Number of protein chains: 2
Amino acid sequence: MKRKHEHTPEDSAPNTISDATLRGFVGYRMKRAFNVVQEDLTTTLRPFDLRMLTYTALVLIVDNPGLRQSQLADAMDIERPNLVVIIDELERRELIVRDRVPTDRRAYALRTTLAGRQLYEKAVAAVTVHEGKLLAGLDDATITTVFDALRTIEKARKRG
Amino acid sequence: MKRKHEHTPEDSAPNTISDATLRGFVGYRMKRAFNVVQEDLTTTLRPFDLRMLTYTALVLIVDNPGLRQSQLADAMDIERPNLVVIIDELERRELIVRDRVPTDRRAYALRTTLAGRQLYEKAVAAVTVHEGKLLAGLDDATITTVFDALRTIEKARKRG
DNA sequence: GAAAATAGATATGAGGCACAACAATGATTG
DNA sequence: CAATCATTGTTGTGCCTCATATCTATTTTC
């Protein structure tokens, strides 16, 4: 069995570290790239006092007014208990409201306030600009290919 | 200013949740796809009693025998304190050893044991198979494009 | 109407990650 | 050479993300 990668001699510390084996895996490459994107997103959202999860929740509530917490948790792929604190924060800051649903008094219909919608507009615009810079080195066709490929991988969960 | 996406009527809960706005962002698509990859990786590594970070560390030590903890932390993009517990675990399981460096008695030269190398072989093979399934829907050219694009995004950090 | 299911909330714990501070050692410089 | 500074690994601490178990209030089902 032939070695895929050369190893450094065993008696001294390598000057430069090789990640050649790991580079063969999508997971490694995705994590590295995503770290950069997430770091950028975090700094982009900081002026708005939003974190990734509060931002995601806000966007989804603006786009889907009246949705239930369980629906939102489902869409965000997080457990219901973890969504509660996110909603708490958005509600405390008066960006959204929890409206009681008359037909089902267990549930809340989530809606944004005017302030929430205004913050949404500003935050989405800022994130759009920042992501544009991250993708500056890629042409439109490549971006489309990448987006489609990511979707394919995402959907591969079911087919496993 | 024209709305990019239609919103659901405001008086009832939407039946299906739209993430159209978020789909416009690489970050969102990458996180979703990466979640699937990571979930698959976790289940793939479980039989070997490895987590993503212990796996990554093991691979890097096999490929770069003799490297220092600080080098490894740097390569893994984590802080030195967090690497200590990872190395502790690998050492306790006798997959690696901490060799004292004669020329610098502060540092450890990290090397794998035979057991570590054997586990490496098996784990890498298993991950390769699993990732192959995740990428089954994509042809080689697409994978190359995606890999290159991820690298471009990763390197965009410096250019910010 | 009783039992099972569902919506949301609370509590708790694990894992990933950052920062501060320390001891031991090494490098620099006056 | 001595004093200062930098680096290596370590410990401690705390935050954030996320999962699970459990609870109450309600609704659905039989």
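Chain A is the first sequence line, chain B the second, and so forth, proteins listed ahead of strands; every chain is numbered from 1. Since the model is a prediction, treat every value here as computed from it, not as a measurement.
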Residues in side-chain hydrogen bond (donor to acceptor under 3.5 Å, both in side chains) with B/Arg117, at least two apart? B/Thr112

List, one per line, each side-chain donor-acceptor pair under 3.5 Å for residues 69-78 of chain A, sequence neighbours excluded.
residue : atom : partner : partner atom : Å
A/Gln69 : OE1  : A/Arg98 : NH1          : 2.8
A/Gln71 : OE1  : A/Arg68 : N            : 2.9
A/Gln71 : NE2  : B/Pro14 : O            : 2.8

In chain order, what residues pass the side-chain hydrogen bond (donor to acceptor under 3.5 Å, both in side chains) check against A/Thr144, with sequence neighbours excluded? none

Taking side chain as C-beta onward, heavy atoms only, is B/Val37 less than 4.5 Å from B/Glu131? yes

Which part of the nucleic acid, if any, lies within contact of A/Arg98, taking any heavy atom under 4.0 Å across all strands shown: a base, the sugar-phosphate backbone alone, or nothing? sugar-phosphate

Terminal contacting nucleotides, 5' and 3', DNA chain C versus chain A (heavy atom, 4.0 Å): C/dA5 to C/dC17

Residues, nucleotides or ligands: over 12 heavy atoms within 6.0 Å of A/Asp139 CG: yes

With B/Phe25 as partner, the option from A/Thr56, A/Val59, A/Val124 fulfilling side-chain contact (heavy atoms from CB on, under 4.5 Å) is A/Val124

So, using salt bridge (Lys or Arg N to Asp or Glu O under 4.0 Å) as the criterion, who are the partners of B/Asp99 when residues are at least two apart? B/Arg111

Please name all residues satisfying side-chain hydrogen bond (donor to acceptor under 3.5 Å, both in side chains) with A/Asn15, sequence neighbours left out, ordered by chain then number. none

Find which nucleotide of DNA chain D each of A/Val101 and B/Arg80 is nearest to by heavy atoms, and output the residue with the more 5' nucleotide. B/Arg80

Expected output is a numbered-order residue list: members of residues 29-44 of chain A with a heavy atom under 4.0 Å from any atom of DNA chain D. What is it? none

With sugar-phosphate meaning primed atoms plus P, OP1 and OP2, does B/Asn82 contact a base, only sugar-phosphate, or nothing at under 4.0 Å between heavy atoms? base

Judged by nearest nucleotide, the residue sitting upstream toward the 5' end of DNA chain D, A/Pro102 or A/Glu79, is A/Glu79

Heavy atoms, side chains only, cut-off 4.5 Å: are A/Asn82 and A/Ile86 in contact? no

Within residues 47-60 of chain A, residues whose heavy atoms come under 4.0 Å of DNA chain D: A/Arg51, A/Leu53

Would you mind checking if B/Glu154 and A/Arg23 are paired as a salt bridge, meaning a charged N to carboxylate O distance below 4.0 Å? yes

Which residues pass the side-chain hydrogen bond (donor to acceptor under 3.5 Å, both in side chains) test with B/Thr145, sequence neighbours left out? none

Please list, one pair per line, the donor and acceptor atoms closer than 3.5 Å that link side chains of residues 39-49 of chain A to other protein atoms, with sequence neighbours excluded.
residue : atom : partner  : partner atom : Å
A/Glu39 : OE1  : B/Arg157 : NH2          : 3.0
A/Glu39 : OE2  : B/Arg157 : NE           : 3.4
A/Asp40 : OD1  : A/His130 : ND1          : 3.2
A/Thr42 : OG1  : A/Gln38  : O            : 2.8
A/Thr43 : OG1  : A/Asp40  : O            : 2.9
A/Thr44 : OG1  : A/Asp40  : O            : 2.7
A/Thr44 : OG1  : A/His130 : ND1          : 2.9

Going 5' to 3' along DNA chain D, which nucleotides are the first and last within contact of chain A (any atom under 4.0 Å from a heavy atom)? D/dT17 to D/dT27

Given DNA chain C, 5'-ward residue of the pair B/Asp77 and A/Arg106, judged by closest heavy atom: A/Arg106

Taking only residues two or more places apart in sequence, or in another chain, which ones meet A/Arg93 in a salt bridge (Lys or Arg N to Asp or Glu O under 4.0 Å)? A/Glu89

